[in-house]
Every structure is written in C-alpha cells, then in structure tokens.
Amino acid sequence: MDYHAPRVRVRFAPSPTGALHLGGLRTALFNYFFARKHEGVFVLRIEDTDQARFTPEAEENILSGLLWAGVEPDEGPEQGGRYKPYRQSERLLLYAVYAQRLVDEGHAYYAFDTPEEIAAMRKRFATKENPSPKYDASTRGEMANSLALPPAEVCRRLDRGDEHVIRMKVEPGERIAFEDRIRGPISFASEDIDDQVLIKSDGMPTYHLAHVVDDRTMWITHVIRGEEWLSSTPKHLLLYRYLGWEAPEMAHMPLIMNPGGKGKLSKRHAQANGLPVTVEQCRDAGYEPEAVVNFLARLGWNPGDDQALLSLDDMAERFSLDRVGGGGVQFDVDKLGWFNQQFLRTLSVGGLLGRAAKWGGTDFYTRKEHWERIVALMQSRVAFARDLPETCMYLFPDPEFDPDTYDERSVEKRWAPDSADLLSAYADRLGELQDFGAEQTETTLRALAEDRGVGAARIIHPVRLALSGVSGGPSLFAMMGVLGQEACARRIRKAVGALGLRLLTPDFPE
RNA sequence: GCCGCGUUCGUCUAGGGGUCCAGGACGCCGGCCUUUCACGCCGGUAACACGGGUUCAAAUCCCGUACGCGGUACCA
C-alpha cells in the first residue's frame, strides 16, 4: 500500500424514491468491496433532492436492505461521521454557496425561462437532424438568462424574486477526456453537453451539482456508479474544474438487464415474470443474503479464477475494478437459485435450522433435537430454508403428520399386488424389535425380502410410500429412526388398509 | 436524430497477437452412485456479431457496418 496515497473513500448515493433495487445493492456492493479491499471508507449518502419523487420510507428501506446483505456503511445518516450531514436536503447551504461562486466566476448563470418557454425553444430549433435542441451555447443567446438579458433587467428580475434556475455555462470546442477505471479512455465533445441546471427553481440542487460538491467535501476518491451516469460525467468533470478541484477516479459499472436482454432490469418486467427485483422481494422470496450478494457480485465481476462461491469477505479481499467487464449483464434467476442452494449446503445443521427458524411456522426450538435430526437428512434436498418444514412434515410422528393421502403417481408406480402382504409382515417384525436403529430395521427388511424371495426394493418403496405418502426423500431407514417404532408400524398398517384394495385391480402393472 | 458505451456457448464469464479447431460455471441432455428424491461425480450440447485491414500469425490490434444498451429533463 502506498502510504502517501490518500485513504480510499467511496460512497453509495441512492435517491430515496422507493425500495432498494437489486441494481442498487450491486452498486453498493462494488463500492463496499473496493473500500474493504483498500482499507478505505464506505459512505452512505442520501440524495434526496427530488422533492417530487421523495418517498419517506425509502431511506429506512435502503439502510435495512444494505444491512440485510451484510453491507454496513462506515459513515452515513445513521452512523454519523465527520463529514456529516449525509442527507443532501441537510446540506443545501453548501450547494448554494458553490453555485454562487460559479455564478460569480462566470461559470454559471441565472436563467428565468419557464418549462414552457424551454419547450417552445426546442420546438423552434428542432430539425430532422436535431429533434431535441439543447439549452447550450447555441441557444442560450435566445433565452431569458443573465447572459442574454441586459444586466439591469437581470437585477430587476432577481430583486423582484422571479423564479429562476442556475445553469452551468459550457463552452463549445473542447474535448473532455478522462480515464474510466472500468472502460479505459473516454471522451466527449463539449458542444454535446448542455448548460445543465445546477440549482432548480425550488432552490434544490440537481444531482449534478450536489454530488460533485458532496463528493469533494466528503473527500471521495473513487466514484463507482452505474453506466447510466457515463454520459453526464463530462459535466461533472467540468464542474470540478470550474471549482478548482481535482476530480475523483471514475468507474462506470455495466447495467443489469432484464432476462432476454431488453432494457435495464425493471420492476415492471420483473413483476410480469415473477422475478424479485428489490432486496425486500428477495428476502421475502426466501433467498439468503449470502446467496444474493454472491450472485449480484458475480454479475459483471469475476475473481479471476473458477471460484464461484465466495463469502462477502472473500469478495472484498479479491475485488478489483480491473476484473469488472463493460457489457450489460442479464439477470438469471436460475443462477440465483443455484447460489442459494449452494449456500444452504455450506451451512452446519444448526445453521440451516436457524435459517429455517426465521420463517417460523413450527416450533423449532422446543423440538430442537428432533429438528436437527431432520435437517441433517434434508439438507441436500432443500433449495430454500423457508421450505424446510413443509417439505419434511412427514418426518414428524403422528399425530402431527399422518398420511391420509398418497401421491397417486407414486402409488401407481410403487404399490404392487403383494405390497399389502409384505408390509403387514414387515410391520409385524418391526413390532418385535428391541432396538429400532437403522441397522436393525434394514436387516429386518432384507431378511423378510429373502424369506419371501423378493428383492428388497419390493418392500422398501411401498414402505416409504406408507410412511411419507410420497416416493422421494431421505434414506428410508434413517427416516424410520427419526419417526420411531410406533409411528412406523402404525403408518404401515394404515397404508395396508388404505391401499390394500389395489390387490383387486386386475390389470395392475407388475 | 445526435452523443457515448458495449458485443466470446441460451446465461454469467476466462482469454489482451502464436500454448484457443476457445477454458470454467449455471441451464439443458446422458451416465455413474443408489432403496427413492436429492447431493456428489463423470461425460455431452453449445460461442469469438459481420466485413475489411495490420501481421508469418488475430477471439485478441485498427477501421467500418450491424445490433444492443445508456444518455439526450428544473429525475436521480
């Protein structure tokens, strides 16, 4: 590490307009990783300058989403920090001061045009080649601003309190170039940049002014954000220059696209396809945070080897902007599911039980021992911790579970004409066992099969069906051990009663 | 329209002039294991967008085209 380099400071700067989006979490993650990797600081800043789209619950939702994912800001509205406040609405004075400075130094100007007047201008100058003219050097002379109006008129309007905005003054004829940490050299012609509004007529700054002022005053060293910001970067660079500040490093991440590749991942599209699109939805759908984080991080970034499963710490340690690609990436929900399942399998029995217990629905704690035996049997068979109770209810002894329906397809496949007879005999022998361990029940079953001259499977399958009602599941003998002697015998006899009639079906397939 | 950024198996990606008739992972298909279902293991399917250059040699460099995405707001 270079001891003379300033400490790395990065930020995640969402706007509180709704729930934390997965794309937002991913941006936060990349910033977080970068900070951890370089022993830097990760800042959360709330960009609440859009009063029209402001949503009161959003900030809480964003923070809780980050915490759920294991990403804790080092500085932020809740955590505090020496560069507070961390909400833009609380830093208004700062933006006003710098905006004034830009005006005073000739890099910004007052504009009195109403939205209607601007729309009229666009219409007036519109051509086939340029359907949407900008408010820039080529048009500002025609508009009502402090560059075009006589100074006295400007003063009069200002004194009178006319609504106005402050726009940055962009001079044409320059190439604004920078090195993007992900994409390499990038440049824009200054005449393609408009005289961006810096202070809105409601007195609020726009994102462009606010984030530059904040990034500077919070000493942000690296701006890692979504690709949608790439084309406004030259404006930001100009602002840094106007203010006499050194710009931070820039890195624009590829966007997450809808499955199929059409457009960036949207709530609308996701909803139509039953996909989670917010952190909240992921949580509610039963995904584990570790899996979501792992999945999201690997969208656009790779650790440089074939390692797919990584913990938050692993990723933070291995993260590098050099290994982030430039192309958009599609959201693949199957892969998310795979990460979830993989993660569940890395858990200890107690760990998985804990994850399942979060969902409630059954008394995991008073029956902890029983549950642990079940979880051990089910771990490789469950894709979501939440599904655990439902998928293995048959591992509870009567009367909590007592099969009264038998999966029809399994019955057809596994219940044979001799099943009732074999199972009755097996139940009889089970009743005589002193020790009901897996070894004993299995030996007993195989001995019976031998006595009757049939394969063990001829008994095993119908017994499984009798015990669980279905044809899949954990090892039969392990299952019997969990259920206990009495429940097993009772269920077997019950099935014999319920399914024994099948004997009479003449064309039952062998 | 204009500006910018992208483009390797269906998806996420490795690869940065020769070691690539392109490697891994997910998915899918097949097999093994096995009392079932899973897990695991083994194998298979499948890609350098297109066209020109540069070079002894290009997935890799350059140019063009196509396509995709983003931006083009007093939203972020």
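Within every chain, numbering begins at 1; the chains are lettered A, B, ... in the order of the sequence lines, protein sequences first and strands thereafter. These numbers come from the heavy atoms of this one structure, side chains and all, not from hydrogens, waters or symmetry mates.
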Is a salt bridge present between [X] and [Y], judged by a nitrogen-to-oxygen distance below 4.0 Å?
X        : Y        : answer
A/Glu412 : A/Arg409 : no
A/Asp195 : A/Arg140 : yes
A/Asp418 : A/Arg452 : no

query: Does any pair with a residue in residues 462-483 of chain A pass side-chain hydrogen bond (donor to acceptor under 3.5 Å, both in side chains), and if so which ones, sequence neighbours excluded?
result: A/Ser410-A/Ser471
So [X], base contact, sugar-phosphate only, or nothing? Heavy-atom distance under 4.0 Å.
X        : answer
A/Phe477 : base
A/Ser132 : sugar-phosphate
A/Val165 : base
A/Ser475 : base
A/Gly473 : base
A/Tyr207 : base
A/Pro474 : base

message: Please give the distance between the C1' atoms of B/G40 and B/A76 as a whole number of Å.
response: 48 Å
message: I'd like the C1' distance from B/G1 over to B/G10, given in whole Å.
response: 34 Å
- request: May I ask you to check whether A/Phe295 and A/Phe331 place their ring centres under 6.0 Å from each other?
  value: yes
query: Does A/Leu255 or A/Lys128 map to a spot on RNA chain B nearer the 5' end, using the closest nucleotide for each?
result: A/Lys128
- request: For A/Lys262 and for A/Glu129, locate the closest nucleotide of RNA chain B by heavy-atom distance; then report the residue assigned to the nucleotide nearer the 5' terminus.
  value: A/Glu129
- request: Tell me, please, the opening and closing nucleotides of RNA chain B, 5' to 3', among those with an atom under 4.0 angstrom from a non-hydrogen atom of chain A.
  value: B/G1 to B/A76
statement: Residue set satisfying side chain to side chain donor-acceptor pair (under 3.5 Å) with A/Tyr207, at least two apart, ordered chain then number -> A/Arg225
